[in-house]
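Since the structure comes first, as structure tokens, the remarks are kept for the end.
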Amino acid sequence: MILSLLRNLRNPPLLASSSPRRQEILRLLGVRCEIVPPHLDEKSVQHSDPHKRTLLLAEKKAEKVAQTGRLTIAADTVVVLDGTILEKPESRDEARDMLQRLSGRDHWVFTAVALIFPRGENWSFLEKTRVFFAPLENAVVEEYIATPAPYDKAGGYGVQDSFGMAFIHRIEGCYFNVMGFPASRFVRELAAHHRWLQD
């Protein structure tokens, strides 16, 4: 019911993200969005609590692009190791350091989703998934960081690429959350707030 309601909105939802993975997940759900990158300086949003910072970022992204009469969807994903956020690496050295720290350990992936409904109501939530990495040999890390793959992903890796397929040996929680958008939780939250979808 909720997916058919989403697909039949008078105006397509706005997705405040340039992430191809979020776009793909929503497309697979059958939700055709208008892509509006929020152009937010993410480093300007600071908070010592990774949960709260991730929620704040998602909410600010949504606020940047929201339009009356449109459902707005925004998300932010971070990798958290020992309470420290690992964001997108900006250099080969930073990518190497992140992957070496993740090697043979478990960590958390947090994705916050912020929704602004057509009449202005808003709702946000946070989904957490625990990810377990196999030990990584130095040669494997060097080969991976020589590709473009790590540099647009929190924590410097993609669960859906060959590296993630080979070296993530277990996850606890939502796989799509690690990709960058918790699809099942998104559907549940929309179903709980479907009355706000009437535009």
Side-chain angles (χ1 to χ4, degrees), residues 1-45 51-79 85 87-88 90 109-129 148-155 157-161 164 173-199:
M1 172 225 171
I2 190 62
L3 289 177
S4 61
L5 182 58
L6 266 179
R7 292 166 188 151
N8 292 302
L9 289 174
R10 184 167 60 219
N11 297 307
L14 300 173
L15 177 60
S17 176
S18 55
S19 164
R21 292 164 295 280
R22 291 188 186 121
Q23 295 169 30
E24 175 68 5
I25 291 167
L26 284 162
R27 187 190 67 76
L28 290 170
L29 282 173
V31 182
R32 301 288 180 176
C33 295
E34 180 182 339
I35 310 304
V36 187
H39 303 299
L40 176 70
D41 177 11
E42 297 188 14
K43 293 186 185 299
S44 69
V45 180
H51 295 77
K52 292 180 180 176
R53 181 172 181 270
T54 309
L55 280 164
L56 275 172
L57 275 167
E59 289 163 0
K60 288 188 177 295
K61 289 178 184 180
E63 290 164 6
K64 274 269 189 180
V65 308
Q67 297 177 19
T68 302
R70 308 282 292 272
L71 172 66
T72 301
I73 304 165
D76 187 71
T77 300
V78 296
V79 168
I85 293 175
E87 304 199 56
K88 298 172 185 175
E90 296 182 354
V109 175
F110 298 167
T111 299
V113 176
L115 305 170
I116 299 179
F117 290 85
R119 293 176 301 193
E121 300 95 341
N122 59 77
W123 184 256
S124 55
F125 62 89
L126 185 87
E127 184 74 5
K128 299 192 294 184
T129 303
Y151 302 99
D152 69 338
K153 299 175 182 73
Y157 73 88
V159 67
Q160 74 285 353
D161 65 22
C174 176
Y175 170 85
F176 293 104
N177 190 51
V178 186
M179 275 185 71
F181 196 79
S184 178
R185 176 79 182 274
F186 169 71
V187 171
R188 295 198 308 274
E189 294 288 348
L190 279 182
H193 299 89
H194 68 275
R195 67 192 183 280
W196 289 345
L197 273 176
Q198 306 306 315
D199 56 357

Q) Have Thr77 and Arg22 got a donor and an acceptor in their side chains that come within less than 3.5 Å? A) yes
Q.
Looking at Thr129 and Cys174, would you say the former's side chain and the latter's main chain have a donor-acceptor pair under 3.5 Å?
A. yes
(Q) List the residues meeting side-chain contact (heavy atoms from CB on, under 4.5 Å) with Val31, not counting sequence neighbours, and say none if there are none. (A) Leu6, Pro13, Leu26, Leu29, Cys33
Q: Using the side chain to side chain contact (heavy atoms under 4.5 Å, CB included) rule, take Lys153 and Gln160 through it: C-alpha gap first, then chi angles, then the decisive distance, then the call.
A: CA-CA 11 Å; Lys153 299 175 182 73; Gln160 74 285 353; 3.6 Å; yes
Q. Do Ser19 and Phe181 come within less than 4.5 Å of each other through their side chains, counting heavy atoms only?
A. no
Q | Straight-line distance of Asp76 CG to Lys60 NZ, nearest 0.5 Å | A | 12.5 Å
Q. Is a donor on one side and an acceptor on the other found under 3.5 Å between the side chain of Asn177 and the backbone of Glu127?
A. yes
Q. Any side-chain heavy-atom pair from Tyr157 and Val178 closer than 4.5 angstrom?
A. yes
Q | Salt bridge Glu90-Lys88, side-chain N to carboxylate O under 4.0 Å | A | no
Q) Can you check side chain to side chain contact (heavy atoms under 4.5 Å, CB included) on Val113 and Glu189, steps first, answer last? A) CA-CA 10 Å; Val113 176; Glu189 294 288 348; over 6 Å; no
Q | salt bridge (charged side-chain N to carboxylate O under 4.0 Å, His left out) partners for Arg188, two or more places apart | A | none
Q: List in chain and number order the residues that pass side-chain contact (heavy atoms from CB on, under 4.5 Å) with Arg27, two or more places apart in sequence or in another chain; answer none if no residue qualifies.
A: Glu24, Arg32
(Q) If the test is side chain to side chain contact (heavy atoms under 4.5 Å, CB included), which one of Val36, Ile73, Ile116 qualifies with Val65? (A) Val36
Q) Between Phe117 and His193, how do the two ring planes meet: parallel, tilted or perpendicular, split at 30° and 60°? A) tilted
Q) Which atoms form the tightest heavy-atom contact between Thr72 and Gln67, and what is the distance? A) OG1-N, 4.1 Å
Q) Quick one: CG on Asp152 to CZ on Arg21, what's the gap to the nearest 0.5 Å? A) 4.5 Å
Q) If you draw a 6.0 Å radius around CZ in Phe176, do more than 12 non-hydrogen atoms from other residues or ligands fall strictly inside? A) no
(Q) Using 0.5 Å steps for rounding, measure from the OG atom of Ser124 to the CG atom of Leu56. (A) 9.0 Å
